Amino acid sequence: MSTPAPSANLMEAVVSLAKRRGFIFPSSEIYGGLNGFFDYGPLGVELKKNIRDCWWNDLVRRRDDIVGLESSIIMHPKVWEASGHVAGFSDPLVDCKVSKQRYRADQLFFAPVIVAQEDGVPVDLGFVCALESEDTSAELQKLAEELKRKKAARGKLEGIVPLSFETATPDQIPLIPSPATGEPGSLTPPRSFNMMFQTNVGAMTDASSVAYLRPETAQGMFVDFKTIVDTGRVKLPFGIAQIGKSFRNEITPRNFIFRSREFEQMEMEFFIHEDDDWAKWHRHWIDWCKDWLRSIGLPDTHLSEYDHPKAKLAFYSKGTTDIMFRYPFGVQELWGIAARGSYDLTQHANASGRPQEIFDEATKKKFVPHVIEPAVGVDRILLAVLCAGYAEEDVTDEKGNVEKRTVLRLSPRLAPVKVAVLPLLKNKEPLVARARALHAKLKRRHAVFYDDGGAIGRRYRRQDEIGTPWCVTIDFDTLEQPGDTFTLRERDSMQQRRVTEAELFALLEEQVF
RNA sequence: GCGGCUAUAGUUUAAUGGUAAAACCUCUGCCUUCCAAGCAGGUGUCGUCGGUUCGAUUCCGACUAGCCGCUCCA
């Protein structure tokens, strides 16, 4: 009877629900919106806060080896020079004006094609160009031979030397053929897109005032590492965790809140001894992250792992594994777990002139710790939770009519409203009074909601749509029968049973943490 | 940033060169003894700016935003 929404429309349905029920909507909408920015409404902000709280409680408060941090969003500009973001967070791109293809300049290679005539005079046939591949040289060689045949040139082909497009001179660019068309003249010079938001510190704007909004929260943990070691009573292995906003000038924000320009990260840097087994810790954190995702209700069937190929890794990286989630628009990166060696601390030690070392009491030697970094986006989790939880069911009523029921199956841990308190009828004062009393008592500890508008069935369905796991109805049995019990109606099964107030609080204590 | 398509109520959709319609949702009141019942009522700057026109939501242009593809994605 449960009909999962067709994948093609699921995204649309989720976006529509998010807007309709006040979870998420475009930022600055009365001015036409702003590409890549979103606002979280009354229910969205509760859901998001619950995701943050679950992560923080599980990772920081309920463990002895991880401490928290909130570093500033704007940091010294030298942080981003040392981290490599100023130089590396931009990729020069090349467009083919004819085919509308776009290439990364560092993945595009070209080579001059020259044949040596019998008299020894070299003849220039032009250029060939190809995308980086398993064997770029062979690819270019093949293209060069084709070019020679096409131009009916005689003589011996000289050796092909692949050159990065990044090194192409303005004279050469118009002569280099596009890999898409094979014809020269359509490629643009490489253009840079820096992904960091720039701003200025202080009222005066000049070169020395340039600063950046952080593109990741991680650098705060590295920059403050020594201070936390000196003051935090921590011992290896240990972690520093942070939740906060980050900003990236994404070329194309897409897929609702999946890739936006202002987003929220939950990152943790787990520092280990340089001699410790990084692979063991890497695996440990991958498993922890997957378990955690399951604990907030994401189904295992939607989760997978992707190991970044060694060849694509940054030189300092020992390994990166992404936990992927099956979104309606494809399997996409949710949580990246990177083994970054001692790269970041070493970079900051060199750039600041301050050693970032730990003293090993056993060996009496200093060393720079290595780090494992699980980094996840709050907004991506939130989207995953909405997509996985959204369902439309056909429900048949007593008269045999089939109706659609929209339900958001959110984990009780995450649900914005835990319990809705409903008097069965609005115009019977004792029911209303008892319901209000229960509501007042519940709301001291939990996010709860009181509703007396309309028929009871409508109120149940309204709560289904926003993911409220339980509804409690105050009925005539509550008033007339001994024991002061209520009807507890469960969201997913729609089953009802009678519970006492103590049982209700016990249920919440067990399920909401 | 490029190309294609699109923009009407909170949502999903109509109609129209002469100051806009329906359903659902929402709100108020009545009614209602357990799954979107019923009755009465309330809520709308046709994304923005400009052009053509006596008159533009409708035609044209630009901008903005959305979707799809390319690209990007520690």
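Lettering follows sequence order; numbering is per chain, from 1. Please read these numbers as outputs of a predicted model, since none were measured by experiment.
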Any N/O pairs under 3.5 Å between the protein and nucleotides 20-25 of chain B? List them or say none.
{"residue": "C25(B)", "atom": "OP1", "partner": "Arg458(A)", "partner atom": "NH1", "Å": "3.0"}

Q: Mind checking salt bridge (charged side-chain N to carboxylate O under 4.0 Å, His left out) for Arg489(A) and listing every partner two or more places apart, or none if nothing turns up?
A: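 Applying salt bridge (charged side-chain N to carboxylate O under 4.0 Å, His left out) to Arg489(A) gives Asp464(A).
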Not counting sequence neighbours, which residues clear salt bridge (charged side-chain N to carboxylate O under 4.0 Å, His left out) with Arg283(A)? List them please.
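Checked Arg283(A) against salt bridge (charged side-chain N to carboxylate O under 4.0 Å, His left out); matches are Asp287(A), Glu305(A).
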Q.
Looking only at the side chains, is there a donor atom on one of Ser246(A) and Gln265(A) sitting less than 3.5 Å from an acceptor on the other?
A.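 Present: a donor and an acceptor within the cut-off.
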Does any donor atom in the side chain of Glu267(A) or Thr217(A) lie under 3.5 Å from an acceptor atom in the other side chain?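 Looking only at side-chain atoms, Thr217(A) and Glu267(A) do form a donor-acceptor pair, the distance falling under 3.5 Å.
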Checking all strands, does Glu216(A) fall into the base, sugar-phosphate, or nothing category for heavy-atom contacts under 4.0 angstrom?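 Base: the residue Glu216(A), judged by heavy atoms under 4.0 Å, touches a nucleobase.
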All pairs passing salt bridge (charged side-chain N to carboxylate O under 4.0 Å, His left out) where residues 418-430 of chain A contributes a residue, at least two apart:
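For residues 418-430 of chain A, and leaving out neighbouring residues, there are no salt bridge (charged side-chain N to carboxylate O under 4.0 Å, His left out) pairs at all.
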Take the angle between the ring planes of Phe238(A) and Phe271(A) and call it parallel below 30°, perpendicular above 60°, tilted in between.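 Tilted.
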Can you find an N or O donor on one side and an acceptor on the other, under 3.5 Å apart, linking the side chain of [X] with the base of [N]?
X         : N      : value
Arg254(A) : G66(B) : no
His308(A) : A74(B) : no
Arg489(A) : C35(B) : yes

Partners passing ring-ring contact (aromatic ring centres under 6.0 Å, His included) against [X] (at least two apart in sequence or in another chain):
X         : result
Tyr316(A) : Tyr343(A)
His76(A)  : none
Trp470(A) : none

- Check every atom of U12(B), C34(B), A36(B) against the side chain of Ser16(A) and return the nucleotide holding the closest atom.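 The closest nucleotide is U12(B).
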**Request:** Could you work out which one of U33(B), C68(B), A36(B) sits closest to the side chain of Leu424(A)?
**Result:**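 That would be U33(B).
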query: Are Phe476(A) and U33(B) stacked, counting the six-membered base ring, centres under 5.5 Å, planes under 30°?
result: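 Yes, Phe476(A) stacks on the base of U33(B).
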How far does the [atom1] atom of [N] sit from the matching atom of [M], given to the nearest Å?
N      : M      : atom1 : answer
U53(B) : G47(B) : C1'   : 23 Å
G41(B) : U45(B) : C1'   : 24 Å
A14(B) : U8(B)  : P     : 11 Å
C70(B) : A15(B) : P     : 33 Å
A65(B) : U43(B) : C1'   : 25 Å
U58(B) : G17(B) : C1'   : 7 Å

Under 3.5 Å, which protein N or O atoms sit close to an N or O of nucleotides 61-64 of chain B? Give each pair with its distance.
{"residue": "U64(B)", "atom": "O2'", "partner": "Gly32(A)", "partner atom": "O", "Å": "3.4"}

Under the side chain to side chain donor-acceptor pair (under 3.5 Å) test, residues paired with Asp477(A) that sit two or more places apart:
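Not a single residue meets the side chain to side chain donor-acceptor pair (under 3.5 Å) criterion with Asp477(A).
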The dot-bracket string of RNA chain B, counting Watson-Crick and G-U wobble pairs with both distances under 3.5 Å, using [ ] for crossing pairs and | for pairs to another strand, is (((((((..((((....[..)))).(((((.......)))))....(((((..]....))))))))))))....
By side chain to side chain contact (heavy atoms under 4.5 Å, CB included) - contacts of Asn35(A) (at least two apart):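 Residues passing side chain to side chain contact (heavy atoms under 4.5 Å, CB included) with Asn35(A): Pro253(A), Arg261(A).
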message: I want to check one thing: is the phosphate of G29(B), taken as OP1 and OP2, less than 4.0 Å away from some side-chain N or O of Lys426(A)?
response: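 Yes, because at least one side-chain N or O of Lys426(A) sits under 4.0 Å from OP1 or OP2 of G29(B).
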For residues 375-383 of chain A, please give each side-chain donor-acceptor pair under 3.5 Å, one per line with the distance, not counting sequence neighbours.
{"residue": "Asp379(A)", "atom": "OD1", "partner": "Glu264(A)", "partner atom": "N", "Å": "2.8"}
{"residue": "Asp379(A)", "atom": "OD2", "partner": "Tyr40(A)", "partner atom": "OH", "Å": "2.6"}
{"residue": "Arg380(A)", "atom": "NE", "partner": "Phe258(A)", "partner atom": "O", "Å": "3.0"}
{"residue": "Arg380(A)", "atom": "NH1", "partner": "Glu333(A)", "partner atom": "O", "Å": "3.1"}

Check your understanding: What's the CG-C1' distance between Asp477(A) and U33(B), to the nearest Å?
Key ->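 Value for this atom pair: 9 Å.
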